[in-house]
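Here's the structure we're looking at; comments come further down.
The sequence lines fix the lettering, A, B, ..., with proteins before strands; numbering per chain opens at 1.
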Amino acid sequence: MKLVDINFEEFKEQKALLQKLKSMGLPTPKTEHYRYFGIKPILDKEYALTMPKTQKPEEANHIEIEDGSVVKAPKSLYIEMQKNIKIDDSHYDQIYYLNHLLSERVIHIECEEDMDLKIVHKHTLSKALVPYRIKLTIAAGKRVNFYEEHLVLAQDALYLYGYDIDLQENASLKLVQNRISNLDEFALIAPHSVQCNKKSNFALFTFDFGSAKTLHNYHIVLQEEATTDANHVIFGSSSGRMGNTFHIENRGKESKTTQLSRNILKDKARGIFDGLLIVKNPAKYSSIYQDSKTILLNDGAFMVSKPQMEIYTEYISEATHGSATGHIDEEALFYLRQRGIEESLAKEMMVVSFLNEIFEKLGDEEIKEEFIKLYEERQ
Amino acid sequence: MKKVMQIINLHAKIGEKEILKGIDLDMFEGKVHAIMGPNGAGKSTLSKTIVGHPDVEVTEGDIIYKGKSIIDMEPEERALEGIFMSFQHPVEIPGVNNAYFLRTALNAKRKHLGLKPLNAAEFLKLLKSKIKELGMKEEMIHRSLNEGFSGGEKKLNEILQMEILEPDFVILDEIDSGLDIDALKKVSEAINNMRDSKRTFMIITHYRKILDYIEPDFVHVLKNGKVLKTGGIEIVDALEKEGYKIFGDA
Amino acid sequence: MGMEKVDKIINSDYELGFEIDIEEETAPPGLTEDTIKFISAKKNEPDWMLELRLKAFHAWQKMEEPKWAKVTYPPIDYQAISYWAAPKKGSKSLDEVDPEILKAYEKLGIPLEEQKALAGVAVDAVLDSVSVKTTFVEELNKLGIIFCSISEAIRDYPDLVKKYMFSVVPMTDNFFAALNSAVFSDGTFVYIPKGVKCPMELSTYFRINAQNTGQFERTLIIADEGSYVSYNEGCSAPSRDENQLHAAVVELIAHKDAHINYSTIQNWYPGDIEGNGGIYNFVTKRGLCEGENSKITWTQVETGSVITWKYPSCILKGDNSVGEFYSVAITRLAQQADTGTKMIHIGKNTKSLIISKGISAQKGQNSYRGLVKIHESAKGAKNFSECDSLLIGDNCGAHTFPYLESKCASAQVEHEATTSKISEEQLFYLRQRGISEEDAVSMIVHGFCKDVLNKLPMEFAVEAKALLDLTLEGSVG
Ligand SMILES: Nc1ncnc2c1ncn2[C@@H]1O[C@H](COP(=O)(O)OP(=O)(O)OP(=O)(O)O)[C@@H](O)[C@H]1O
Ligand SMILES: [Mg+2]
């Protein structure tokens, strides 16, 4: 089937969702957050809709989700397949509702304790359309590190997935999304919704390396004194098309958003950074900061940067954004070469240093090594 | 000696924090009052209170200036009544031309005194003569107010404003910090030249050097939001030897 | 604290809101082929122009009003608008211009009698749908400069018009441009021949006077190789309770080594604090840097209109060509502005600079929207944008929506933006020196806008500064 000809009558029972989707319609090439992604060919393509199977997961020390089904999970963890979860009714992305509509049951992971968790997504079905959703609840005052990886084996497929995250008061989540895919014809659209309750803290690190087509659309809502620190690295090559779009709403007072985006693009790859930071009138004394930087390694690589702000109160502590797209600093390159470092290595050093701010914040050498390996492979 | 300003049991807070905890201080016409005290004692807060900074809230007590309470007056009213403060950290105001700003301020004062405003040419003549005296670079008056000025240049610019506006009550908050040896001399000379039987100075400083040039009539020690000691220059000698601990804790 | 104390009377008056008391001929409301034929006939246009208008009209009928801008307003009924209004008396020679009009323009500060005119400024005055007077024409003609109304140009210089009109803004570029192409009434035409530096400021003053009419002017400026021209437009309208539509198109063409400076002081009636009345200002302005080393500079001071939708743009086609955009936009009352620019880099080493200053007060909503697009061919291109917003009061909004696209590795695109309120510390510093709070705010705001105001030609900078003060008066608090 094609997404454009989905028969919505089949979903009559899910009234609220259906209504919402109908009022918004499917995205078009003019839809702001899909503008540069090229949604049309994806909507028009024939896929075999494949619903996840429910099965009893094997015991393991991480979670593994294969084509939408939980196949492995730690025993201690509370995971359940849930129907009719509360959804985010102000998400800006149509696909968020479609994704929910197609995923009758949602994988619900509840974190009642401090913990470190690893989740591996395996995408194995070629020519398939696979929808699933994950709901993640972090109990009040708990700290969770959540590390996500994607293993892509599917060719020519479309996967829809995303998180509904509920950070309760004072909770803290560090979500690392490592989304490497070297299959050109793999598409992933992932609408996420994150509710940050009072004084909670959401740290996000996303890494998109490779040549797939991926778009992550985040709707993040911050209540009083909540903070979000979002960091993104894209290293795109070949005809990859990778993007992150955001609506981050500062709704409560003294909330705080910082966002860093670093992009390196090669060949014909396209990177999209589209971040809208909103400060609502009650969010007095909030601060927002956004900084997007890009290096294009060759002509024809394409970066679209849209750092955006909407501000509805005068009482704002900081509201700044900046964006710069350019090339490797020739002066610095020359400096390194003058000290005897060969050009390709000097370039690599420059590129790695360009990303360092984020790598250092994350404090994970593994991802850095992965990046370097990939960078070298792609030379 | 005529009291020009009386500070009576002044309590003030910034935000939730009480910083001035009952200041009593008399200052006299034509005299130079030096104020010393450890970091965080409340010296700048006291100055800000006198000039009506919106961050400071007076919770108790009063400030009588020229026989009137001023604590309910707007900052510009106090300024027009002759109170001038040089800021410890002068703010930068992009796009606002230094000379234009000063002329506006001077003409506001002249209007208040019932005098004709100075036109641009007259003003420029006055300004240039002062600039020369202070050894400032002339281009500075055409730049945006304090923008990109070095620490010392900002301080000189404060003194320039003092000279142009000819206030009656001059508060100098660490005017000597950040000045090079020559500039300190120039500033001290400028202050000495401005001294007369009517004009009062309140000079906040951490260092003896400027007081050697200026020779204050009174030295007050402020600590923990209170005036602990009032006397003459001999206080500075004691401080130099022993530090603020000799004045105990308030 | 400081700002809250400045609780001044909210509405400063719109001083230009008077009505000119003359008899006008207006077409009945409605838009059909007949309306277009009527307009064309009124202007004695050649057939080719009518055909083009009809073509645009048919395209427009199939188009939809754009919805992406961050402005909200009730639907516009295009059939309820009158598309033609002209003074009954009135001709191009000064002796025949209705004295009421001369008086009115005098009151607007635009003397049309040449002996009184500002030295060095030639004026074209457009009242509703027609140009009522163009000054200094003969002097300019001696240099080969053409400065006339677009209606005259269609009659007298058909080759130039055919060649250049619609060449930068195609007639179907967007909904409002298509509408304008169908019904445009008058506007200004300028041609500067090769190597000529226009010795005086050229200026058009647009005035909407008649009730219930839209104004659809069209301006076309061509600067031939090595020439220079500085052009300014000003606008105003009476205060009325109803909304009036203004949909203009401006096309600029700069050939090799030519430089066009285009400044606007937009002071259409802004409506009231409840959002009643005011001009809907939907304008398409675009310049083409056709030749090498050409340069187009847009400077705008936007203080009026209840809705503004406007993106003066540059297509940087010639190698080394330069596009600049300097903007001050103030929204107060219930005004909404969605304005910015587009810089399209095609040629090598092209450069663009964007300086935008937005000020919001009362219920104003101010959005900067700008596109910088670097094509793969634009080797060594450079863009820098700086967009700052100032909020005065807690019921207004400031928004920044840049779109930065680059496909060229040797190009550099840089964007910086900040939003803040007037700094309490700055305000206090000035007040400590005896400057009143209102003057202090005005001083800070002028300082904030300085980089833009400095770009205006002298005569207009003075006007803009005065306008800024007038606009700010009473909206602080
Ligand atoms: N805006 C403010 N918010 C919170 N606390 C403040 C503020 N301003 C001053 N304080 C606090 O008030 C106390 C007194 O500060 P003040 O600046 O008056 O000290 P000072 O005597 O001038 O010190 P210094 O010699 O270092 O200049 C300090 O503890 C300072 O941290
Ligand atoms: Mg201090």
Notebook entry, point to check: Side chain, backbone, both or neither: which part of Glu92(B) has an atom under 4.5 Å from a heavy atom of chain C?
Noted result: backbone
Checklist line | Residue part contacting chain C, namely of Leu106(B), when any heavy atom lies under 4.5 Å | finding: neither
Margin query: So which residue, Ser436(C), Ala440(C), Cys449(C), ends up with the most heavy-atom pairs under 4.5 Å with chain B?
Written below: Ser436(C)
Next item on the list: For atom NZ of Lys382(C), decide whether the heavy atoms of other residues, nucleotides or ligands shown that lie under 6.0 angstrom number more than 12.
Entry: no
Next item on the list: Would you mind checking which part of Phe448(C) comes under 4.5 Å of any heavy atom in chain B, side chain (CB onward), backbone (N, CA, C, O), both or neither?
Entry: backbone
Checklist line | Exercise: identify the closest heavy-atom pair between Met443(C) and Tyr100(B) | finding: CE-CE2, 3.8 Å
Notebook entry, point to check: Under 3.5 Å, is there a donor-acceptor pair between the Glu424(C) and His53(B) side chains?
Noted result: no
Margin query: Taking every non-hydrogen pair under 4.5 Å, which of Gln432(C), Lys450(C), His446(C) racks up the most with chain B?
Written below: Gln432(C)
Next item on the list: Give a yes or no on this: more than 12 heavy atoms of other residues, nucleotides or ligands lie within 6.0 Å of atom NZ of Lys342(C).
Entry: no
Item checked: Selection from Leu102(B), Asn146(B), Asn97(B) maximising heavy-atom pairs under 4.5 Å formed with chain C -> Asn146(B)
Item checked: Gly434(C) versus Ala108(B), closest heavy-atom pair with distance -> O-CB, 3.4 Å
Next item on the list: Taking all heavy atoms of Ile435(C) and all of Glu76(B), pick out the closest pair and write down the distance.
Entry: O-CB, 3.5 Å
Check: What part of Pro90(B) lies closer than 4.5 angstrom to a heavy atom of chain C: side chain, backbone, both or neither?
Finding: both
Check: Once you round to the nearest 0.5 Å, how far does OG1 of Thr104(B) lie from CG of Asp439(C)?
Finding: 7.5 Å
Next item on the list: Anything under 30° is parallel, anything over 60° is perpendicular, the rest tilted; go ahead and classify Phe428(C) against Phe87(B).
Entry: perpendicular
Notebook entry, point to check: Is it true that Arg433(C) and Glu158(B) make a salt bridge, defined as a side-chain N closer than 4.0 Å to a carboxylate O?
Noted result: yes
Note to self: With a 4.5 angstrom heavy-atom cut-off, is it the side chain or the backbone of Asn107(B) that approaches chain C, or both, or neither?
What the structure shows: neither
Checklist line | Which portion of Leu165(B) sits near chain C, non-hydrogen atoms under 4.5 angstrom | finding: side chain
